[in-house]
Novice: 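This is the structure, below, for whatever I ask next.
Quantities reported herein were computed from a predicted structural model and do not represent experimental measurements.
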Amino acid sequence: DPHYVTFHDEEWGVPVHDDRRLFELLVLSGALAELSWPEILKKRQIFREIFTNFDLIAVSNINEKKLVASGSIARSLLSEQKLRAVLENARQIVKIADEFGSFSQYCWGFLNHKPIVSKIRYPRQVPVKSPKADMMSKDMVRRGLRGVGPTVIYSFMQAAGLTNDHLVSCFRFKECKPSPTLGTSDANRVKTEAERKTEEPRTKAHGEEMTVNSDPSMAIDTLTIS
């Protein structure tokens, strides 16, 4: 799936510090309970339209009754329970951002503001949760967030680059490692890496790292790019 390949090759594992993008990745990671990554990424534009491009203030003010009404576009994406959780989580994250200065400061504070580099050799070694994910999950639940169990939070950490779980054999492993020249924005860095990757041989099977946290019934076949 091209959306899945692009997400793996350009976004997954890149450290994110923008609150709107972090919220988007948290919502998409939560959706893994009901959909697979390829399904989520195909519908990503619909997610963005329904949740006002993941602007936290705007999402926290969405009319809940209209959002969850039967026959609404949102209900074709996620269950009523998940939709209500997105709105409640936006409200709680606004409070977190007020307390910590930003949602990014809050998330990265669990890791002392440095991503975890896992150095994984084989897909079977990719964890589904971690002590840090457990700690973040418990704190989020305490603050009133819903649907943020340790597995969801670990998927979020992987997607938002809080942890680099690319296999060491994957061309993205080195590209997602912390760089001393982190003055540029996340978006610029993603673009630079996307340009650089075109020069690299692309014979590795990749996307394997992302399949681990999917529900086994939605397992994604390893993508091989020749």
Novice: Side chains of Asp134 and Tyr154, heavy atoms from C-beta outward: is any pair under 4.5 Å?
Specialist: no
Novice: Given side chains that start at C-beta, do those of Asn53 and Arg20 come closer than 4.5 Å, heavy atoms only?
Specialist: yes
Novice: Roughly how far, to the nearest 0.5 Å, is CD1 of Ile93 from OG of Ser60?
Specialist: 10.0 Å
Novice: How long is the gap from CZ on Arg84 to CD1 on Ile62, to the nearest 0.5 Å?
Specialist: 13.0 Å
Novice: Check whether any side-chain heavy atom of Pro115 lies under 4.5 Å from a side-chain heavy atom of Leu162, and answer yes or no.
Specialist: no
Novice: With rounding to the nearest 0.5 angstrom, report the NZ to OG distance, Lys43 to Ser76.
Specialist: 6.5 Å
Novice: Looking at every heavy atom in both Arg146 and Ala85, which two are closest together, and how far apart are they?
Specialist: CB-CB, 3.9 Å
Novice: Taking NZ, NE, NH1 and NH2 as the nitrogens, is one of them in Glu99 or Arg143 under 4.0 Å from a carboxylate oxygen of the other?
Specialist: yes
Novice: Is it the case that the side chains of Gln105 and Ser102 hold a donor-acceptor pair, with the cut-off being a distance below 3.5 Å and no angle test?
Specialist: no
Novice: Could you tell me whether the side chain of Leu28 reaches within less than 4.5 Å of the side chain of Phe156, counting heavy atoms only?
Specialist: no
Novice: Does the pair Lys95/Asp98 count as a salt bridge with the N-to-O cut at 4.0 Å?
Specialist: no
Novice: On a heavy-atom basis, which atom in Val59 and which in Leu87 lie closest, and how many Å separate them?
Specialist: O-CD2, 3.5 Å
Novice: Enter the distance from Asp139:CG to Met135:CE here, rounded to the nearest 0.5 Å.
Specialist: 9.5 Å
Novice: Shortest non-hydrogen contact from Phe110 to Lys132?
Specialist: O-NZ, 3.1 Å
Novice: May I ask you to test the Leu145-Glu88 pair for a side-chain heavy-atom distance under 4.5 Å?
Specialist: no
Novice: Check the angle between the aromatic planes of Phe54 and Phe23 and answer parallel, tilted or perpendicular using the 30° and 60° thresholds.
Specialist: perpendicular
Novice: Return the CG to CZ distance between Leu78 and Phe51, rounded to the nearest 0.5 Å.
Specialist: 6.0 Å
Novice: In Å, rounded to the nearest 0.5 Å, how long is the span from NE2 of His113 to OG of Ser104?
Specialist: 8.0 Å
Novice: Are Leu41 and Leu26 connected in a single hydrophobic cluster, I mean Ile/Leu/Val/Met/Phe/Trp/Tyr linked by side-chain heavy atoms less than 4.5 Å apart?
Specialist: yes
Novice: At their closest point, which heavy atom of Ser137 faces which heavy atom of Pro150, and how far apart are they?
Specialist: OG-N, 3.4 Å
Novice: What heavy-atom pair brings Trp108 and Gly161 nearest, and what distance separates the two atoms?
Specialist: CH2-O, 3.4 Å
Novice: Excluding sequence neighbours, so at least two apart, what forms side chain to side chain contact (heavy atoms under 4.5 Å, CB included) with Glu49?
Specialist: Gln45
Novice: Would you call Glu34-Lys82 a salt bridge at under 4.0 Å N-O?
Specialist: no
Novice: Would you say Ser155's side chain and Thr151's backbone share a donor-acceptor pair under 3.5 angstrom?
Specialist: yes
Novice: Any salt bridge (charged side-chain N to carboxylate O under 4.0 Å, His left out) involving residues 68-79? Give me the pairs, sequence neighbours left out, ordered by first then second residue.
Specialist: Arg75-Glu80
Novice: Of all the heavy-atom pairs spanning Val152 and Ser29, show the shortest one and how long it is.
Specialist: O-CB, 3.8 Å
